[in-house]
Amino acid sequence: MKYVDEYRDGNRARQLAEVIAATAAPDRLYRFMEFCGGHTHAISRYGLEDLLPDNIRMIHGPGCPVCVLPAGRIDMAIALAQRPEVTLCVYGDLMRVPGSQRNSLLRAKAAGADVRMVYSTLDAIAIAEQQPAREVVFFAIGFETTTPPSAMAIRLATEKRLGNFSIFCNHVLTPPAIQAILDGVDLADPDQVALDGFVGPAHVSTVIGTRPYEYFAETFAKPVVIAGFEPLDVMQAILMLVQQVNEDRHQVENQYIRAVNRDGNQRAQAAVAEIFELRAQFEWRGLGLIPHSGLKLKPAYAGFDAECRFEMPELTAADNPACECGTILRGVKKPADCKLFGTVCTPDNPMGSCMVSSEGACAAHWTYGRFRDIQRKAS
C-alpha cells in the first residue's frame, strides 16, 4: 500500500536506528519532547524507544487535547448537560474523562442527561435540525486541527438560521503551550524537565504550517522537526534533531513534506479567524493558566456561544491528588511512575485523562509499553 507500508518497513527502521546510534555523540544526553499525542502513540505502538541508544530520551508532551482539558471544564459540560432543555453532543473519548468528584459525562448520561456521542460537527447540526425544540450544544475541543470544522459548523448554522444550536468552545492553541513549557524550564526545579528539541505536531502543522515554530527555535535555541505519524517518520525526525544538536543549530525543519508546508492551510486559517478570537487566558491540565492559549467565539457570533447563551459560570476543580496526569503532561514523569498506573487506574477504570484518551501517554503505555517494562526488569 503506497504511503503506508513504506513508512513501516522494519528493515529500514533498523537501518535508520543504526544511523541514529552512529550519529549520536556517546558522551552527551539528548532529550526530545514529542508534543503530539499521535507521536506518543506511534512511539509506544512500534516500540521505537527500544531502537534508540540509551542517551536519547523521548519525553511525552501535552499534545492530547482530551488530556489537557481541566476538570473544571468537564464539570461545566456536565452542568450544561443536566439542564432539561439541553442536548449535549460530544466526541466519544470525552465521555469518560473524569471531572471533579469522579463524575463524568457518561455517568451524567446514565443519570438521565441527554448526552449524545457524535463523530463530527455535522452530526450535531443534523440533530439540531431534527429537534428544533431542543437546545443542541456541541462540546468543541481540540487543537488547531479540529477548530476549522467548528468554524464551518457556525457558518452552516448561520446559513440555516439554526436558533437552537451553539458550541461550548474549548479549542486550544499549540504555540502558547510550547512557550509555556519553555518559559517554565528551571533546571533547579525538580518539577521541570530540560529539553534539547521538539518533534513538532503533524496534523496541527497541516493547518498552521511550520512558520509559527520559528519563534521558538530562534528565541529559545531549540530545534523543531515537524514529523508524520508513521514509525519511520518519527525515526527520521529524531535523526534530524540529533544532527541539529550536534551542529549546534536550532532551526525548524520539516520531515512531513508530503502534507505540511511553511504557511499551512490558509483557507482553514481564514475560517477560524472569521469566527474565533483569543481568550485572555485558558487553563490547561498540568500546565495551569496560559495566556492567549484558547479561543472563544467573536461577539458577532455570541448567539452560538453556549457560555453566553446559558450564562455558564467558570468552574475550577482540583485533580485527584494521587493522579500524576499533570506531571506526565509536562514530561516530568512517565506513566509507570504513577502509583495508580495499572493498579486502580486502567482503561476500564480511568482515574485521570491520560488513561482515557487513546492518544494519552498512560493509555499508550498501558496498551503497548507495560509488557516491555516487565521484560526489561526480568532481563
Side-chain angles (χ1 to χ4, degrees), residues 65-66 68-91 94-95 97-118 121 123-125 127-142 146-147 149-151 153-158 160-173 272 274-285 288-319:
V66 174
V68 298
L69 197 64
R73 301 296 288 188
I74 297 293
D75 286 348
M76 292 171 68
I78 293 170
L80 182 61
Q82 289 172 335
R83 296 177 68 110
E85 74 275 23
V86 167
T87 296
L88 185 68
C89 299
V90 304
Y91 292 134
L94 272 175
M95 297 282 282
V97 177
S100 63
Q101 308 300 318
R102 296 220 56 216
N103 203 359
S104 69
L105 287 168
L106 189 61
R107 291 188 176 188
K109 180 179 176 64
D114 189 0
V115 181
R116 304 190 193 185
M117 189 180 76
V118 296
T121 54
D123 291 344
I125 291 282
I127 292 172
E129 288 183 292
Q130 294 160 5
Q131 300 193 10
R134 301 284 299 167
E135 288 284 348
V136 177
V137 183
F138 176 66
F139 191 169
I141 73 158
T146 55
T147 308
S150 294
I154 298 300
R155 277 186 179 177
L156 189 58
T158 303
K160 292 177 175 289
R161 298 183 180 181
L162 282 178
N164 65 328
F165 177 79
S166 58
I167 70 171
F168 175 38
C169 184
N170 294 273
H171 286 300
V172 290
L173 303 174
V272 171
E274 173 192 335
I275 305 295
F276 296 100
E277 65 182 15
L278 289 174
R279 293 178 188 266
Q281 59 184 12
F282 193 82
E283 182 184 0
W284 293 54
R285 190 188 296 253
L289 291 170
I290 301 179
H292 303 139
S293 65
L295 297 175
K296 63 179 180 179
L297 288 160
K298 286 184 172 179
Y301 297 96
F304 295 108
D305 187 341
E307 290 180 77
C308 297
R309 193 167 182 142
F310 300 100
E311 297 182 352
M312 299 170 65
E314 188 77 27
L315 300 178
T316 58
D319 294 326

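A quick note: this is a predicted structure, and the numbers were derived from the prediction, not measured. What you see below is based on every heavy atom in this structure, not just the backbone, and it leaves out hydrogens, waters and symmetry mates.
Annotation for V97 and V66: closest pair CG2-CG1, 3.4 Å, computed over non-hydrogen atoms. The heavy-atom pair separating F165 from R309 by the smallest distance is O-NH1, 3.4 Å.
Qualifying side-chain hydrogen bond (donor to acceptor under 3.5 Å, both in side chains) partners for D75, counting only residues two or more places apart in sequence or in other chains: S100. With sequence neighbours excluded, the residues forming a salt bridge (Lys or Arg N to Asp or Glu O under 4.0 Å) with K160 are E129, listed by chain and number. Residues satisfying the side-chain hydrogen bond (donor to acceptor under 3.5 Å, both in side chains) test with T121, not counting sequence neighbours, are none. The side-chain hydrogen bond (donor to acceptor under 3.5 Å, both in side chains) test applied to Y91 returns no partner, not counting sequence neighbours.
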Per-pair distances, 0.1 Å, donor-acceptor, side chain in residues 276-283, under 3.5 Å, sequence neighbours excluded:
| unit_1 | atom_1 | unit_2 | atom_2 | d |
| --- | --- | --- | --- | --- |
| R279 | NE | L295 | O | 2.9 |
| R279 | NH2 | C169 | O | 2.9 |
| R279 | NH2 | E307 | OE2 | 2.8 |

Which donor-acceptor pairs under 3.5 Å do the side chains of residues 76-84 make with protein atoms, sequence neighbours left out?
| unit_1 | atom_1 | unit_2 | atom_2 | d |
| --- | --- | --- | --- | --- |
| R83 | NE | E85 | OE2 | 3.1 |
| R83 | NH2 | E85 | OE2 | 3.1 |

Open item on the list: Quick one, F139 with V115, criterion side-chain contact (heavy atoms from CB on, under 4.5 Å). Give me CA distance, side-chain angles, the key distance, then yes/no.
Closed with: CA-CA 10 Å; F139 191 169; V115 181; over 6 Å; no
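Once rounded to the nearest 0.5 Å, the distance linking CG of L315 with CZ of R73 reads 9.0 Å. If you take CG on L162 and CD1 on I125, they are separated by 5.5 Å, rounding to the nearest 0.5 Å. To the nearest 0.5 Å, atom CZ of residue R134 and atom CG of residue L88 are 11.0 Å apart. From Y301, atom OH reaches atom CD1 of I154 across 9.0 Å, with rounding to the nearest 0.5 Å.
In this structure, N103 and I74 have side chains that are not in contact, with every pair of non-hydrogen atoms separated by 4.5 Å or more.
Side chain of R155 to backbone of I275: no donor-acceptor contact under 3.5 angstrom is found. With R116 contributing its side chain and C89 its backbone, the two residues share no donor-acceptor pair below 3.5 Å. Between the side chain of N164 and the backbone N or O of Q131 there is at least one donor-acceptor pair closer than 3.5 Å.
Considering V137, V90, I141 as possible partners of F168, the one that fulfils the side-chain contact (heavy atoms from CB on, under 4.5 Å) test is V137.
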